[in-house]
Amino acid sequence: MPHIAIEHSSGLEDSHDLQALCDALWQKFADHHSVTSPDTVRTRTLAATASRIGVEPQSFAHATLLLLPGRSDEVRTELAQLVLDTLQAHLPDVGSLTVRLDDIQQPYMKRML
C-alpha cells in the first residue's frame, strides 16, 4: 500500500515528464517483492507555488513515501533508495532530490471502485 507523493518546484512539469516518473515508480513498486497488492500503489506529483532552497539550480523534488507498518528496516531502506534512484534517473538536473519515509498510522481508511 505504498503511497509516493512528490512535491516539486514549479516548472518541472514543463521541462520533465512527470507522468513517466509516476509510471516508473508505480511499476517498480508493483514489481517489488514486499508489495503484495499492486493495485494499492499510489504515485502523484504536486507543484509548489513558491520555494527557495540553498543550492543551485533552484529546483527540487521531495518524495514522501508512506507505508503501512510491518516491513523490516532493510526493506524500508531498499524502498526509499528505490525512490531516490528513480528520481535521479528522471530528474538528473534538478538541484535537490530528497526522500522521507513515514508510516501510515491506523486507522487508515480507503474506498476503491
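All of these numbers come straight from a predicted model, not from anything done at the bench.
Annotation: side-chain hydrogen bond (donor to acceptor under 3.5 Å, both in side chains) contacts of S34 (sequence neighbours excluded): H32, R71. The side-chain hydrogen bond (donor to acceptor under 3.5 Å, both in side chains) search around E13 returns none, not counting sequence neighbours. Residues that satisfy the salt bridge (Lys or Arg N to Asp or Glu O under 4.0 Å) test with D102, not counting sequence neighbours, are R100. A search for side-chain contact (heavy atoms from CB on, under 4.5 Å) contacts involving D23 returns Q19, not counting sequence neighbours. Judged as a side-chain contact (heavy atoms from CB on, under 4.5 Å), and not counting sequence neighbours, T36 has no contacts. By the side-chain contact (heavy atoms from CB on, under 4.5 Å) test, E74 is found to be paired with S72, residues two or more places apart in sequence or in another chain being considered. Looking at residues two or more places apart in sequence or on another chain, you find no salt bridge (Lys or Arg N to Asp or Glu O under 4.0 Å) involving D85. With sequence neighbours excluded, no residue satisfies side-chain contact (heavy atoms from CB on, under 4.5 Å) with T49. The side-chain hydrogen bond (donor to acceptor under 3.5 Å, both in side chains) check on T86 picks up K28, with sequence neighbours excluded. For H90, the side-chain hydrogen bond (donor to acceptor under 3.5 Å, both in side chains) criterion is met by no residue, not counting sequence neighbours.
To the nearest 0.5 Å, the span separating NE2 on H16 from OG on S59 amounts to 7.5 Å. Taking CD of E78 as the start and NE2 of H33 as the end, the distance is 4.5 Å to the nearest 0.5 Å. Taken from CG in L46 to CZ in R44, the straight-line distance is 6.5 Å, to the nearest 0.5 Å.
In this structure, I53 shares a hydrophobic cluster with V55, F60, the cluster being traced through Ile, Leu, Val, Met, Phe, Trp and Tyr side chains under 4.5 angstrom apart. The hydrophobic cluster containing V99 also includes I4, I6, L12, L18, L21, L25, W26, F29, V35, V41, L65, L67, V75, L79, L82, V83, L84, L87, L91, V94, L97, L101, under a criterion of side-chain heavy atoms closer than 4.5 Å among ILVMFWY residues, counted directly or through chains of members.
Remark: the backbone N or O of A48 is not paired with any side-chain donor or acceptor of S51 at under 3.5 angstrom.
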